[in-house]
Amino acid sequence: MASHPGALVSKKRRDFVNMPAPLGYVPGLGRGATGFTTRSDIGPAREANDISDDRHPGPKKKKKDDDDSDEEDLNESNYDEFEGYGGSLFSSGPYDKDDEEADAVYDAIDKRMDEKRKERREKRLQQELELYRQLRPKIQQQFSDLKRGLSGVSEDEWNNIPEVGDARNKHQRNPRADKITPVPDSFLAKHAMTQETVSSLDPMQQCTFCLEIQKYGGLQTPFTSGTMTSSGEYDLRKIGEARNTLMDVKLNQVSDSVSGQTVVDPKGYLTDLQSMLPSYSGDVADVKKARLLLKSVRETNPNHPPAWIASARLEEVTGKLQAARNIIMKGCETCPRSEEMWLEAARLQPGETAKAVIAQAVRHLPQSVRIWIRAAELESETRAKRKVFRKALEQLPNSVRLWKAAVELEEPEDARILLSRSVECCPTSVELWLALAKLENYENARKVLNKARECIPTDRKIWITAAKLEEANGNRNNVTKIIDRALTSLRANMVEINREQWIQDAEESEKAGSVITAQAIIQAVIGVGIEDEDRDSTWIDDADSCAARGAIECARAIYAYSLSVFPSRKKIWLEAAYFEKNHGTRETLEAILQRAVAHCPKAEVLWLMGAKSKWMAGDVRAARSILSLAFQANPNSEEIWLAAVKLESENNEDERARQLLARARSNASTARVWMKSVKLEWQLGNIKRAKELLEKGVKEYFDFPKLWMMKGQLADQEENREEARKAYQSGLKKCPNSVPLWLLAAKLEEKVGNLTKARAILEKARLSIPQCPELWLEAVRVEDRAGNKNIAKSTMARAMQECPNAGILWAESIFMEARPQRKTKSVDALKRCEHDPHVLLAVSKLFWSERKITKSREWFTRAVKIEPDLGDSWAYFYKFELQYGNEEQQEAVRKRCVLAEPRHGEIWCSISKNIKNWRKKTDELLPLVANELNTVF
């Protein structure tokens, strides 16, 4: 049965009625009624001082001004950005908990929104601040390079800086300071007639010199008797005469009574007095305290040697050497069995006394090796030292140290006899056995080493010495056998074969001249303890390490062993070939390359290295034969075809080069083959044939940008600008990612004077290839060449933001700055691009512009070392030496450049790739590039 609708309404109404009234609610207040309170509200028997009910507060009365209640307060202090004049619109109402909660919610929302935008806002603020500082640097930043230069100021230069003082308004503060009132002439004349010099001294006082005289007993009478004037004043002239008299008396007292000549230097008298001052400059109280503590330790424990030694050294430091000797000798009497005590006593005593002390020490401690050695050191004659050592060996025949010290003093024959006895007394000393073997002849040395192996079967040095002995006597076949037997014997005696130690022994053997022994050691131990999959890489690293330490034969032996294990490994053959190229001779390089191509005939680079070696040696026929064999092994190899073409063209065999290129286009057609064909015809002046080849080449290899570049350059050479522009546009459609092609198109427009078109091409290129420093650099230079310096700087700023680590941009920006800011800019560039060759070259040029020759040469050297393929660095370096260096330095740079064979560099490539210079070598290109350089930085 459905319920009546009125029942639901009445139920809701009852719920609403029974709900508690909101806080601060007053019935009828909104319709103008006033609040009232009934007895049910206040409850029974409520006292007058009870807290009132907050639910029914009375209406708040607005305060009205007595003078001008109707006018609005338009003062700025009464204005709020959000609420307007007069405060909040709802300020008259009560601020209850709902309002507080709402404000808290709004504050939380504002805080959250502020945190979301905080990072982006701070980042934008930081960028704006950096841009502002770049445009308007602080004075502190402008002088930062000078501040860094203060690090090179020496201490003497700092001390020689004059004090500035306070010279501000000196005349205003003390206007009478510089004025001098002259003394009247009558005053000077009056005092010149008298003998007195001072008339204001107190008669009851005595001068310091008088006290000094009384101290030494020179004058016992009061000083007022002979030096007073008639007016009761001191005569300072007589005081000076008395002082000189006293000095003469003291010098006469120390004179020689026989000859009458003084034994004291009058001029150095005061210097000698100062030399008598105690040498210890520490606190006397600390010395006394230490002395008392050490005395207490000695008395408490007299048998403690360190206490006696410390006491003696304390007295020695304070300058009381005799007291130190007395203490240490008393300590020796108390502790006669202490070795340290006797050695300290011998150190403190003078020569003969020290010998006597050591003699007593030997009687008390005849088994002390250190005391015997000290006794020998105290002897001045070699014969006496030998005698001491022989007495010592009688007491200690098993001391290796004594035997070695005794042998060092003997002649070779006597040393051999001593060593024969020493190995009997000390059979476990490897050094004694090896020393004896060196002094014996071949047969006896073999016997000595065999006996040493029997006594010490776990030492590898005996075996290595035996191998060196066999090599020195021409028995090279026995060297490998001895090393193999050594490893077997050591393993049988449970000796671990340490691969690094054996390699180090091999290097030492090579340095000693035993090359066969070194190679035998390498072959025996190079494979010990290495996993099979790591052998090739580990062996290459070992060879590089040996070569870096100067052990060339050891490295060569490692490569030989590696190639015997991996004869078909191309990587090892290449490493061995490069090693021979750097450290070997041409014969060794050609020998290893001949072996390499026999095992790896498909390795094109090995064939090319062999052909180049023959060609550089002048044997062109041998180079051709090597390349012909390379053709048979690699019939379709582009590298071999092009190498053969280069060989013929460099030797003026142009027709043979044409034939080779024609065969290459038919048998091994590649884009590079077509490019070389066009370049050869262009270099030979056959422009028509070059154009024909270009038309065919761009149809077959339309995605090869160099063909389009050559087509545009040919048209530009004939001053056909429209055809060149079409070639570049067609090439950019096919190769939109080619940076050189974009640059050539922009340079063409700039060349014809269409600067706006050049800017548009570069802008389009940057959109196609973002973050390309070469395109940004060209855009900067276009504006710079047009004279728009400000636009160039702003473009550079944009470029640095997009490519912050581009060295070529940093190098260009250094010389765009004014001279005072260049050094600071160079420091920032080095922080960003520490090892970039362009930055290093820019820093070198900066020092060159400041005439800092030594620093400039150092930075040029660093630049060509870090990137020897950059031709611009070599050209600038060579021009610098032409200006400031001598002939030897110029020749050194030229030779290093020829060895490096640079191929890159903006100015270098513009000269080397010029058709007029296509036959020139590196040594011919270097002066040409140097002449093209601009030295105005």
Side-chain angles (χ1 to χ4, degrees), residues 145 740 743 773-774 777-778 780-781 784-785 792 796 806-819 821-830 832-914 916-917 920-937:
D145 55 340
L743 295 177
E774 289 82 5
L777 179 62
E778 185 62 25
V780 172
R781 289 179 176 175
D784 193 19
R785 288 191 290 264
M796 177 60 74
I808 55 175
L809 294 178
W810 280 102
E812 187 75 14
S813 65
I814 291 175
F815 293 97
M816 291 181 66
E817 299 287 339
R819 284 189 177 272
Q821 284 81 34
R822 286 181 181 179
K823 187 174 292 185
T824 304
K825 197 72 172 181
S826 65
V827 173
D828 298 337
L830 288 173
R832 282 281 188 175
C833 313
E834 183 179 0
H835 302 292
D836 190 275
H838 298 89
V839 174
L840 297 178
L841 177 59
V843 174
S844 306
K845 292 158 61 178
L846 179 61
F847 284 123
W848 185 1
S849 65
E850 296 176 354
R851 302 297 187 269
K852 296 180 180 179
I853 310 303
T854 304
K855 286 189 176 182
S856 180
R857 183 175 286 112
E858 292 176 358
W859 282 89
F860 271 126
T861 305
R862 191 179 302 178
V864 298
K865 183 178 181 181
I866 202 170
E867 183 54 70
D869 194 49
L870 186 61
D872 292 356
S873 299
W874 289 108
Y876 274 108
F877 195 7
Y878 184 70
K879 188 157 190 174
F880 170 80
E881 294 296 350
L882 287 177
Q883 185 173 354
Y884 294 105
N886 50 35
E887 294 183 0
E888 183 179 355
Q889 292 170 331
Q890 297 166 11
E891 185 65 19
V893 173
R894 190 191 65 80
K895 288 183 178 178
R896 290 175 60 190
C897 180
V898 171
L899 292 175
E901 296 182 1
R903 291 288 183 270
H904 296 86
E906 181 180 2
I907 306 175
W908 183 274
C909 291
S910 65
I911 301 298
S912 63
K913 292 186 178 181
N914 193 340
K916 300 178 182 178
N917 304 322
K920 289 184 170 56
K921 308 291 185 185
T922 303
D923 56 345
E924 298 173 340
L925 289 173
L926 182 61
L928 293 178
V929 179
N931 291 332
E932 292 292 327
L933 297 177
N934 182 17
T935 57
V936 180
F937 308 126

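This chain uses plain numbering: 1 for the first residue, then up along the sequence.
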Within the 4.5 Å heavy-atom criterion, are [X] and [Y] side-chain neighbours or not?
X: Ser849; Y: Arg819; value: yes
X: Arg894; Y: Val898; value: yes
X: Ser813; Y: Lys825; value: yes
X: Pro902; Y: Cys897; value: yes
X: Thr854; Y: Phe847; value: no

Evaluation steps, side chain to side chain contact (heavy atoms under 4.5 Å, CB included), between Leu841 and Trp859:
CA-CA 7 Å; Leu841 177 59; Trp859 282 89; over 6 Å; no
Under-4.0 Å salt bridge between [X] and [Y]:
X: Glu906; Y: Arg781; result: yes
X: Glu891; Y: Arg896; result: no
X: Glu881; Y: Arg857; result: yes

Looking at every heavy atom in both [X] and [Y], which two are closest together, and how far apart are they?
X: Lys920; Y: Lys916; answer: NZ-O, 3.9 Å
X: Gln889; Y: Asn886; answer: N-OD1, 2.8 Å
X: Ala811; Y: His838; answer: CB-O, 3.5 Å
X: Gly885; Y: Gln890; answer: O-NE2, 3.3 Å
X: Ala806; Y: Pro773; answer: CB-CB, 3.5 Å
X: Ser826; Y: Leu846; answer: OG-CD2, 3.7 Å

Can you give the donor-acceptor pairs under 3.5 Å from side chains of residues 922-929 to other protein atoms, not counting sequence neighbours?
from: Glu924; atom 1: OE1; to: Lys921; atom 2: N; distance (Å): 3.1

From [atom1] ([X]) to [atom2] ([Y]), nearest 0.5 Å:
X: Arg832; Y: Leu809; atom1: CZ; atom2: CG; answer: 12.0 Å
X: Thr861; Y: Ile866; atom1: OG1; atom2: CD1; answer: 13.0 Å
X: Ile814; Y: Arg822; atom1: CD1; atom2: CZ; answer: 9.5 Å
X: Asn914; Y: Cys909; atom1: CG; atom2: SG; answer: 12.0 Å
X: Leu777; Y: Glu812; atom1: CG; atom2: CD; answer: 5.0 Å
X: Glu774; Y: Leu743; atom1: CD; atom2: CG; answer: 7.5 Å

Backbone of [Y] reached by a side-chain donor or acceptor of [X] within 3.5 Å:
X: Ser856; Y: Lys852; value: no
X: Asn917; Y: Ile911; value: yes
X: Asp784; Y: Ala792; value: no

query: Going through the distances and angles, do Leu840 and Leu830 end up as a side chain to side chain contact (heavy atoms under 4.5 Å, CB included)?
result: CA-CA 8 Å; Leu840 297 178; Leu830 288 173; 4.1 Å; yes
* Gln883 atom CD, over 12 foreign heavy atoms within 6.0 Å -> yes
Could you go through the side chain to side chain contact (heavy atoms under 4.5 Å, CB included) check for His835 and Glu867 one step at a time?
-> CA-CA 9 Å; His835 302 292; Glu867 183 54 70; over 6 Å; no
query = Would Tyr876 and Phe880 satisfy ring-ring contact (aromatic ring centres under 6.0 Å, His included), going step by step from the backbone distance to the final call?
reply = CA-CA 6 Å; Tyr876 274 108; Phe880 170 80; over 10 Å; no
| query | Should Phe815 and Lys845 be marked as a side chain to side chain contact (heavy atoms under 4.5 Å, CB included) after you check the CA-CA gap, both sets of side-chain angles, and the distance that decides it? | reply | CA-CA 10 Å; Phe815 293 97; Lys845 292 158 61 178; 3.7 Å; yes
Inset, instruction - Check the angle between the aromatic planes of Phe860 and Trp848 and answer parallel, tilted or perpendicular using the 30° and 60° thresholds. - result: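 Perpendicular, since the angle between the ring planes exceeds 60°.
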